[in-house]
Protein chains: 4
Amino acid sequence: MKIKVDHHSDIPVYKQIVVAIKDMILANELIEGEALPSVRKLAINLGVNPNTIAKVFFILQSEGYVDSKPGIGYYVAKPPPSSIEKRLMDLDDAMRRIILKMKRFALSEEEINKRFSAIMEGVFENERNRS
Amino acid sequence: MKIKVDHHSDIPVYKQIVVAIKDMILANELIEGEALPSVRKLAINLGVNPNTIAKVFFILQSEGYVDSKPGIGYYVAKPPPSSIEKRLMDLDDAMRRIILKMKRFALSEEEINKRFSAIMEGVFENERNRS
Amino acid sequence: MKIKVDHHSDIPVYKQIVVAIKDMILANELIEGEALPSVRKLAINLGVNPNTIAKVFFILQSEGYVDSKPGIGYYVAKPPPSSIEKRLMDLDDAMRRIILKMKRFALSEEEINKRFSAIMEGVFENERNRS
Amino acid sequence: MKIKVDHHSDIPVYKQIVVAIKDMILANELIEGEALPSVRKLAINLGVNPNTIAKVFFILQSEGYVDSKPGIGYYVAKPPPSSIEKRLMDLDDAMRRIILKMKRFALSEEEINKRFSAIMEGVFENERNRS
DNA sequence: GTGGTCTAGACCACG
DNA sequence: GTGGTCTAGACCACC
């Protein structure tokens with residue numbers, strides 16, 4: 001399990017890991033029933049304190065993303081329905097905020113469209129080349 | 001000077017204010033040479049401690065966005081050239097990250113385009129109505 | 001870590017400590033990766049408020065001299081290259097200013113040389129005795 | 001009367017002006033009996049507050065560098081004897097401190113001598129060319 | 001324990 | 001009035 005942790009970010013480490021794992025589950029990169037790494041292993045793997053990972057799993061469990069089998073470990077649960085839609089709306093909001101900032105910096109509708117297209121180009125170029 | 005401060009955000013108050021003022025300068029909403037509100041007044045205005053504002057101005061000054069005349073007040077300085085370009089690149093990066101997340105959640109290129117257009121629609125509808 | 005702090009100097013305490021630590025790093029008396037004393041301990045050690053030390057480390061970090069691992073402590077970073085050269089040029093400038101003052105007080109080139117030699121004598125006498 | 005005032009220095013403006021005028025007197029650039037500019041004129045000239053200049057003159061007078069003729073103005077007095085020697089010892093001290101810093105940054109006696117000579121060269125080259 | 005942030009309140013120098 | 005500094009003390013997140 002590969003998660004980038006930024007110790008200098010304002011977002012606390014445990015939150016970074018929580019959303020990273022949530023996103024893996026929502027993106028079906030972790031499938032229902034799959035076992036999560038042990039607290040200790042993940043802690044070493046990510047270079048953080050085991051307490052931090054324990055907190056992460058506690059939060060994920062309380063929000064219904066994972067189940068615990070005491071003495072054995074944690075398993076991916078079925079994510080709450082509509083959680084994916086909610087996540088997408090958050091992304092929409094984030095996108096809207098960025099667009100508003102660009103607009104504030106005097107970028108025209110056209111210029112913003114151009115920037116967006118350039119980024120999309122970069123993100124999807126691999127697929128196109130492959131086909 | 002109107003700045004929204006969220007005391008419950010992970011981003012510390014002083015940083016929220018720093019970027020808010022930076023963006024006002026970069027967006028030319030504050031123009032070079034203009035006087036900023038005094039530390040104490042802004043502190044009362046935003047409902048934070050004067051020390052917090054002092055820290056904000058200290059950082060803005062060390063980054064070259066404002067200049068202080070001790071005993072008189074703070075003034076908007078000429079922002080380092082290319083700082084606006086750098087800011088726009090940061091926004092591009094943020095947008096790219098959002099797009100990648102959407103893609104990861106199995107949205108197709110087309111679907112992402114649609115979402116983006118819908119947001120742009122919302123942001124620019126006023127202008128279009130006016131014309 | 002021994003730093004002399006003069007509370008009656010015009011130079012603010014936090015700046016005195018900043019340059020003292022910077023110079024230790026530039027002089028390789030603190031080596032890269034070495035842990036610095038904790039904020040609280042150094043504060044007690046130097047007889048100043050923890051906030052003052054926090055400010056010191058904040059500045060040193062923003063200038064790239066140290067790195068923080070929140071919850072663990074501060075560590076000496078690799079100082080920006082050429083920072084030592086810049087420091088030496090500052091010293092040259094200071095020396096030039098002194099020489100100009102002496103000249104202004106009607107000291108001849110010869111007399112200034114003599115004063116300089118006398119000082120050098122005092123500074124390096126130990127070494128010479130040893131050899 | 002030309003004095004450089006640095007509003008961003010840690011040394012308060014009034015002190016900067018005090019030593020500047022003291023040095024002019026010690027260097028005989030202002031001679032005994034000469035009239036000093038009026039408080040208001042000097043304030044405008046240097047771009048500082050008249051109160052600051054008043055304080056400067058007050059200090060200079062209390063240290064015996066100037067006399068006041070109430071209702072008329074300030075005049076250069078005979079500087080306290082040996083004040084010039086004291087000033088030179090201060091300069092020696094400053095020079096010694098610089099040399100010690102250089103030594104700390106691993107410069108050898110030879111290297112320091114070289115730097116000093118280079119600076120002296122620069123300071124005295126005009127004279128030599130003239131002769 | 002550590003760093004990071006914030007508040008409250010004080011004093012100084014300067015305008 | 002202004003900025004600049006410092007103290008005292010608190011709370012949080014993280015190790």
Side-chain angles (χ1 to χ4, degrees), chain A residues 5 7-17 43 47-56, chain B residues 5 7-17 35-44 46-58 60-61 66-75, chain C residues 5 7-17 35-44 46-58 60-61 66-75, chain D residues 5 7-17 43 47-56:
Chain A
V5 172
H7 285 275
H8 288 79
S9 164
D10 287 320
I11 290 123
V13 171
Y14 80 93
K15 265 192 203 172
Q16 295 180 42
I17 302 174
V48 302
N49 192 287
N51 290 335
T52 305
I53 301 297
K55 185 173 187 175
V56 166
Chain B
V5 172
H7 285 273
H8 296 81
S9 163
D10 284 324
I11 288 125
V13 171
Y14 81 91
K15 257 187 213 174
Q16 295 180 41
I17 303 174
L36 291 165
S38 81
V39 170
R40 288 161 175 83
K41 279 187 186 161
L42 188 52
I44 292 170
L46 302 184
V48 301
N49 188 282
N51 279 334
T52 303
I53 302 297
K55 188 175 187 174
V56 166
F57 284 176
F58 177 88
L60 287 172
Q61 183 171 34
V66 306
D67 193 21
S68 81
K69 301 191 185 169
I72 306 185
Y74 277 92
Y75 292 84
Chain C
V5 172
H7 285 272
H8 296 82
S9 163
D10 283 324
I11 288 124
V13 171
Y14 82 90
K15 255 186 214 174
Q16 295 179 41
I17 303 174
L36 290 165
S38 82
V39 170
R40 289 162 174 82
K41 280 186 187 162
L42 188 54
I44 293 171
L46 302 184
V48 301
N49 189 281
N51 279 334
T52 303
I53 301 296
K55 187 174 187 176
V56 166
F57 284 176
F58 178 87
L60 287 172
Q61 182 170 34
V66 306
D67 193 22
S68 82
K69 301 192 184 169
I72 307 187
Y74 278 94
Y75 292 84
Chain D
V5 171
H7 285 274
H8 288 80
S9 163
D10 288 318
I11 289 124
V13 172
Y14 80 92
K15 265 192 204 173
Q16 294 180 41
I17 302 175
V48 301
N49 191 287
N51 291 336
T52 305
I53 302 297
K55 186 174 187 174
V56 166

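Each chain gets a letter, A, B and so on, in the order the sequences are listed, and its residues count up from 1.
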- Decide yes or no for A:Tyr14 and A:Val48: does some side-chain heavy atom of the first lie under 4.5 Å from some side-chain heavy atom of the second?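 Contact flag for A:Tyr14/A:Val48 side chains = no.
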- Message: Within the structure provided, determine whether B:Val5 and B:Ile17 are in side-chain contact (heavy-atom separation under 4.5 Å).
- Response: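 Side-chain contact under 4.5 Å: yes.
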Could you tell me the separation between the [atom1] atom of [X] and the [atom2] atom of [N], rounded to a whole number of Å?
X	N	atom1	atom2	value
C:Leu36	E:dG4	CG	P	12 Å
C:His7	E:dC12	NE2	P	15 Å
C:Asp10	F:dG3	CG	P	21 Å
B:Asp67	F:dG4	CG	C1'	15 Å
C:Ile11	E:dC12	CD1	C1'	16 Å
C:Tyr75	E:dG3	OH	C1'	12 Å
C:Ile53	E:dG4	CD1	P	13 Å
B:Lys41	F:dG3	NZ	C1'	14 Å

- Item | Watson-Crick or G-U pairs under 3.5 Å in DNA chain F, rendered as dot-bracket with [ ] for crossing pairs and | for another strand | ||||||||||||||.
Does [X] have any side chain to side chain donor-acceptor pair (under 3.5 Å) partners at least two apart in sequence or in another chain, and if so, which?
X	answer
C:Lys15	D:Asp10
B:Asn49	none
D:His8	B:Asp67
B:Ser68	B:Gln61

- Item | Atom pair NE2 (B:His7) and CG (B:Leu46), whose distance is rounded to the nearest 0.5 Å |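 Output value for this atom pair is 8.5 Å.
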At less than 4.0 Å, is any side-chain N or O atom of [X] found next to OP1 or OP2 of [N]? Yes or no.
X	N	answer
C:Tyr14	F:dT5	yes
C:Ser68	E:dG3	no
C:Thr52	F:dT7	yes

- Any donor-acceptor pair under 3.5 Å joining the side chain of C:Asn51 to the base of F:dG9?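 Yes.
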- Query: Relative to the 5' end of DNA chain F, which residue comes earlier, A:Lys15 or B:Val39, by the nucleotide with the nearest heavy atom?
  - Reply: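 The 5'-side residue here is B:Val39.
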- Message: Both B:Gly71 and C:Val13 contact DNA chain F. Which one's nearest nucleotide lies toward the 5' end?
- Response: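 The residue whose closest nucleotide sits nearer the 5' end is B:Gly71.
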- Query: Looking at E:dG3, E:dT2, E:dC6, which one has an atom nearest to any side-chain atom of C:Tyr74?
  - Reply: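 Of the candidates, E:dG3 comes closest.
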- With the side chain of C:Arg40 defined as its heavy atoms from C-beta on, choose the nearest nucleotide among E:dC6, F:dT5, F:dC11.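 For the C:Arg40 side chain, the nearest candidate turns out to be F:dC11.
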- Does C:Lys69 make a cation-pi contact with C:Tyr75 (under 6.0 Å, within 45 degrees of the axis)?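 So C:Lys69 does make the cation-pi contact.
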- Within the structure shown, what part of the strands sits under 4.0 Å from D:Val48 by heavy-atom distance: base, sugar-phosphate, or nothing?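 D:Val48: no heavy atom of the nucleic acid under 4.0 Å.
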- Taking the nucleotide of DNA chain E with the closest heavy atom to each, which residue, B:Ile72 or C:Ala54, is nearer the 5' end?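 This one resolves to C:Ala54.
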